[in-house]
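Source: prediction; values computed, not measured.
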Amino acid sequence: MCQHQPTCPSAEATDREAARIIACFPEQGWSLLCNGVIVFEDTGELLPDGRTIAPHRGPARHALVA
C-alpha cells in the first residue's frame, strides 16, 4: 500500500503507528494511515483485517509527578 521511500511500517509491525497519515478527520477523532490502519484519538486502532487494538495511553502526566 505504502509508496513512500523508505516505506512505512506495515499494519502488522509493532511500530505501525509511525506510518504517514493520508486522511485526517479530527472532528470525528480518527486518521487513516498509509498502511491501512485507522488510529483513533483515544489511541485505539482498527487494523485493515478488522482486528481492533484497545486504547493504550500511558499514565496521565499529573500522575507521574511525585
Side-chain angles (χ1 to χ4, degrees):
M1 236 177 162
C2 177
Q3 297 183 21
H4 300 112
Q5 290 301 323
T7 57
C8 293
S10 73
E12 299 300 319
T14 56
D15 61 343
R16 65 183 150 260
E17 296 170 7
R20 292 189 188 183
I21 295 173
I22 59 171
C24 184
F25 299 91
E27 67 280 359
Q28 295 177 3
W30 63 276
S31 297
L32 173 64
L33 305 181
C34 69
N35 57 8
V37 174
I38 296 174
V39 291
F40 297 94
E41 66 182 16
D42 70 352
T43 69
E45 301 172 15
L46 179 61
L47 302 181
D49 63 4
R51 289 182 293 145
T52 59
I53 306 295
H56 48 278
R57 295 183 196 180
R61 284 187 216 165
H62 67 276
L64 298 176
V65 178

**Prompt:** Is F40 reachable from L47 through a run of hydrophobic residues whose side-chain heavy atoms are each under 4.5 Å from the next?
**Reply:** no
**Item:** Sequence neighbours excluded - salt bridge (Lys or Arg N to Asp or Glu O under 4.0 Å) pairs with any residue from residues 30-45
**Value:** R16-E45
**Asked** Checking T43 side chain against H56 main chain: does a donor-acceptor pair fall under 3.5 Å?
**Response** yes
**Request:** Using side chain to side chain contact (heavy atoms under 4.5 Å, CB included) as the criterion, list what pairs up with A13, not counting sequence neighbours.
**Result:** P9, S10, D15
**Request:** Please identify each residue that fulfils salt bridge (Lys or Arg N to Asp or Glu O under 4.0 Å) with E12, with sequence neighbours left out.
**Result:** R51
**Prompt:** Any link between L33 and L46 through a network of hydrophobic side chains (Ile, Leu, Val, Met, Phe, Trp, Tyr) touching at under 4.5 Å?
**Reply:** no
**Request:** Please examine the side chains of I38 and S31, heavy atoms only from C-beta on, and report whether any two atoms are closer than 4.5 Å.
**Result:** no
Could you pull out every donor-acceptor pair under 3.5 Å between side chains of residues 19-30 and any protein atom, sequence neighbours left out?
{"unit_1": "Q28", "atom_1": "OE1", "unit_2": "W30", "atom_2": "NE1", "d": "2.8"}

